[in-house]
Amino acid sequence: MKRLLVLGACALQLCMTADAQQKTNPDDIKDKMQWFADAKLGIFIHWGIYSVKGIDESWSFHNKKISHPDYMQQLKGFTASNYNPQEWADLIKESGARYAVVTTKHHDGVALWDSKYSKLDVVNSTPAKRDVLTPLYTALRRDSIKCGAYFSLIDWSYPDYPQFLKDSNRYDIKTQPARWQRFLKFYEGQMEEVMTKFNPDLWWFDGDWEHSAEEWEAAKMRKMLTTHNPNTIINGRLQGYGDYDTPEQNFPVTRPHYHWWELCMTINNNWGWQPQDTNWKTPFEIITIFVDAVANGGNLLLDIGPKADGTIPPEEVNILKELGAWNKKNGEAVFNTVAGLPLGHFYGPTTLSKDSTTLYLFLPGKTSGQTVIKGLSNKIEEISVVGNGTQLNHKVVGKISWSPVPGLVYIDVPENVQDKYVTVLKVKLDKPVKLYRGKGGFLTNE
Ligand code: GLC
């Protein structure tokens, strides 16, 4: 949260610094990144003891809204009594998501698997009394959903971890290096457990900001994970040793220049289950956010926060189902596509087929009448509505015979073809897309 403020204040500058620090070369990882680039939608799952009282995950004790012992009392209420991992996986599948990322351990240090390094896990310390991750990963893999492991580098509950509450640390690494070494052994051990038990397709680290790459031994960790599974993908929160960037909650206004990026976002305002938070985003809002991320070359990692008994709140179920129905109809314009036209050509999100001979236009809300594309030099072979195939008429306006500047393409969008959330038009081009990006002057070779 502290970090969010900083991000808000100088997002661009930070992003650029983060990118400059990136140690991985995009050319070396592009093969393993391909499924991620094609996936577009992932579901984030924040599940932990914080859902017992419905308070902020880990931050509630760190920020002293509740004492650490009171926070830990929640261990007694984590039952997972209605937990049905196959239902979770099937719902994720139904949403259209291609991957899921689950909190194996948050900053509170409570592991959701049976850890031999600590008793602070849901097997030994909660009435759930079982490893809740193994059956989830099995169910997800059964549904061909790629498996991601959120893993907090920070562990504010571990006695040998230096940071604890917002205004009190346990010790300083510089004065007690051996103590930090003990923590490293523990954290690397737990990471290795997650690695060997679940072999994640993707690692979603969090909390790297509390220490440097050297202190976290980030290079060594990356090596361990990629040696075990050369195809595993690592998010951008490992102090420069990740593969892609992770803007959080805040939608990038200009197109990020990273090769791969993923916006993680909550459906209400919180990651975990919080009953007082009824600020649910609507399906329209989620779908437009999703489409905009994809149009800008990114993915959406959409969060759900199940209750302590394993029930997914009905509002979240509804969003995932609505999103799924929309994806089922319009998925060809989203999955396996690439970022669309740069700003200026169309007033809305667009995507392109990989060979760039098909352009998809997204029309949020109810648009009837005409919509327009500017600066498209191609010939159009056909325009149709995705999901129902209706052919649409178009007209080229203002094309001057002697000028290289293409005319404006006006497309008729009748009311009866519209989707209840976002209508998608498919524009078949004669060849790979060719754009005119000049100023329209008459003596121009642009
Ligand atoms: C932040 C928070 C954390 C949350 C994460 C999800 O970094 O520390 O509570 O899990 O964002 O992106």
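We count ligands from 1, going down the list as the structure has it; atoms in each ligand are counted the same way. Index from 1, following the sequence.
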Nearest 0.5 Å, please: how far is CE in M33 from CG in D243?
5.0 Å

Distance (rounded to the nearest 0.5 Å) between W59 CH2 and W271 CH2:
12.5 Å

Paired with T288, the side-chain contact (heavy atoms from CB on, under 4.5 Å) test is passed by just one of P349, P364, P283, namely P364

Which residues share a ring-ring contact (aromatic ring centres under 6.0 Å, His included) with H228, sequence neighbours left out
none

When you compare ligand 1 with W204, is there at least one nitrogen or oxygen pair between them that comes in under 3.5 angstrom?
no

State the atoms of ligand 1, each with its element, that fall below the 4.0 Å cut-off from a heavy-atom position in [X].
X: E57; result: 3 (C), 9 (O)
X: E248; result: 1 (C), 7 (O), 11 (O), 12 (O)
X: D206; result: 1 (C), 2 (C), 3 (C), 4 (C), 5 (C), 7 (O), 8 (O), 10 (O), 11 (O)
X: H106; result: 3 (C), 4 (C), 9 (O), 10 (O)
X: R237; result: 7 (O), 11 (O), 12 (O)
X: H46; result: 4 (C), 6 (C), 10 (O)
X: Y150; result: 10 (O)
X: W59; result: 2 (C), 3 (C), 8 (O), 9 (O)

Is W209 near ligand 1, meaning one of its heavy atoms is under 4.0 Å from it?
yes

Can you find a non-hydrogen atom of Q249 under 4.0 Å from ligand 1?
no

What I want to check is whether the side chains of Q163 and H211 have a donor and an acceptor closer together than 3.5 Å.
yes

Does a side-chain N-to-carboxylate-O contact under 4.0 Å join D131 and K197?
no

Below 30° counts as parallel, above 60° as perpendicular, anything between as tilted: where do the rings of F44 and H46 land?
perpendicular

Taken in chain and number order and not counting sequence neighbours, the residues that satisfy salt bridge (charged side-chain N to carboxylate O under 4.0 Å, His left out) with D38 are K354

